[in-house]
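Data first, discussion second: the structure below is written as structure tokens.
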Amino acid sequence: MRTLIVTMTTLALVGALVSTFAVASDSGGAGPRVSDLEVFSDGLTFVTAGSFSGAGERGQGAQVLVKARGLVTGTCISPRGEAEQRFALPMMLKGTGATRKAGREAAFFVRTSPPELASVEVCPAADWRVAPAEIVFTAVKLQVGRPGARLLCQFPAVDGPVRDPGCQAEP
């Protein structure tokens, strides 16, 4: 049921972003910028969606890289399932994608990969099974654009719209 809710929310967000981008006005040479940025966690991954404009030639996609830092919590389960031990481990998750043209701006939607943990990293023995439960994300880095028109944004990981993503043009 949770997967269905997350999927429906994701589709609604993408639909709203695409319709917004279709009527958006051109930035008039103001340089590259990120707008309409929304972020949220869905348990074990982090999702970033927004728009990118002022990147030069129309029709070309731009690369998007997301790095989300957080604390992974879960359980280690013994080989026979008799014992459990909780764990918490700081981790950086990454996701990549590309922008897609939508009107005069380019839309992006990137989800990080789920955490990959080896039992030797968090459990008492290598034969225990790792069961990550949740990640509490704390900070996000977003890189979007092409060489010569690339932005680096850093902001706290909060669910919902990001008003000031702290974007800077990369040299």
Side-chain angles (χ1 to χ4, degrees), residues 2-27 30-74 89-117 132-171:
R2 181 178 179 174
T3 303
L4 177 62
I5 291 170
V6 169
T7 302
M8 295 303 287
T9 303
T10 301
L11 290 174
L13 176 64
V14 170
L17 287 173
V18 168
S19 65
T20 300
F21 301 154
V23 297
S25 62
D26 196 353
S27 63
R33 67 181 175 87
V34 170
S35 59
D36 301 322
L37 187 61
E38 293 260 349
V39 296
F40 63 91
S41 167
D42 66 356
L44 292 174
T45 63
F46 193 79
V47 177
T48 306
S51 63
F52 179 64
S53 63
E57 299 177 36
R58 296 184 187 276
Q60 287 187 333
Q63 293 297 312
V64 181
L65 171 65
V66 175
K67 295 179 182 178
R69 186 174 57 230
L71 185 67
V72 180
T73 58
L89 181 70
M91 203 168 199
M92 175 81 72
L93 300 182
K94 297 178 185 177
T96 60
T99 60
R100 298 188 120 163
K101 293 303 284 181
R104 295 177 185 230
E105 295 186 347
F108 60 88
F109 181 88
V110 178
R111 180 184 306 271
T112 63
S113 300
E116 295 180 17
L117 296 167
E134 181 182 36
I135 302 175
V136 176
F137 290 98
T138 56
V140 180
K141 288 185 180 180
L142 168 67
Q143 181 181 356
V144 59
R146 293 186 290 286
R150 185 175 289 142
L151 293 175
L152 178 62
C153 310
Q154 298 183 44
F155 49 91
V158 294
D159 284 359
V162 177
R163 303 279 180 235
D164 180 12
C167 297
Q168 304 268 331
E170 256 188 4

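The model shown is predicted, which means the values in this text are computed figures rather than measured ones. Just the heavy atoms: all of them, side chains too, but no hydrogens, waters or symmetry mates, feed the values below.
Atom CD of Gln168 is surrounded by 12 or fewer heavy atoms from other residues, nucleotides or ligands within 6.0 Å.
Residues Ala106 and Thr99 approach most closely at CB-CB, 3.5 Å, considering heavy atoms. Between Val47 and Arg111, the shortest heavy-atom contact is CG2-NH1, 3.4 Å. Heavy atoms only, all atoms of each residue included: Glu105 and Asp36 are closest at OE1-OD2, 4.4 Å. Shortest non-hydrogen contact noted between Thr112 and Thr45 is O-CG2, 3.3 Å. Smallest separation of non-hydrogen atoms from Met91 and Leu117: CE-CD2, 3.6 Å. Nearest heavy atom pair, residue Ser113 against residue Leu93, reads O-CD1, 3.5 Å.
Contact annotation: the side chain of Ile135 never approaches that of Phe46 to less than 4.5 Å [non-hydrogen atoms, C-beta and beyond]. Contact check for Val136 versus Thr73: no side-chain heavy atoms found under the 4.5 Å cut-off.
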Inset, instruction - Test Leu142 against Leu37 for side-chain contact (heavy atoms from CB on, under 4.5 Å), laying out the working first. - result: CA-CA 11 Å; Leu142 168 67; Leu37 187 61; 4.1 Å; yes
Which pairs of donor and acceptor atoms, one on a side chain in residues 152-166, lie under 3.5 Å apart (sequence neighbours left out)?
{"unit_1": "Asp159", "atom_1": "OD1", "unit_2": "Ser41", "atom_2": "N", "d": "3.1"}
{"unit_1": "Asp164", "atom_1": "OD1", "unit_2": "Gly166", "atom_2": "N", "d": "3.1"}

Quick one: side chains of residues 62-71, donor-acceptor pairs under 3.5 Å with protein atoms, not counting sequence neighbours, listed by atom name and distance.
none

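The backbone N or O of Ser35 sits less than 3.5 Å from a side-chain atom of Ser51, completing a donor-acceptor pair.
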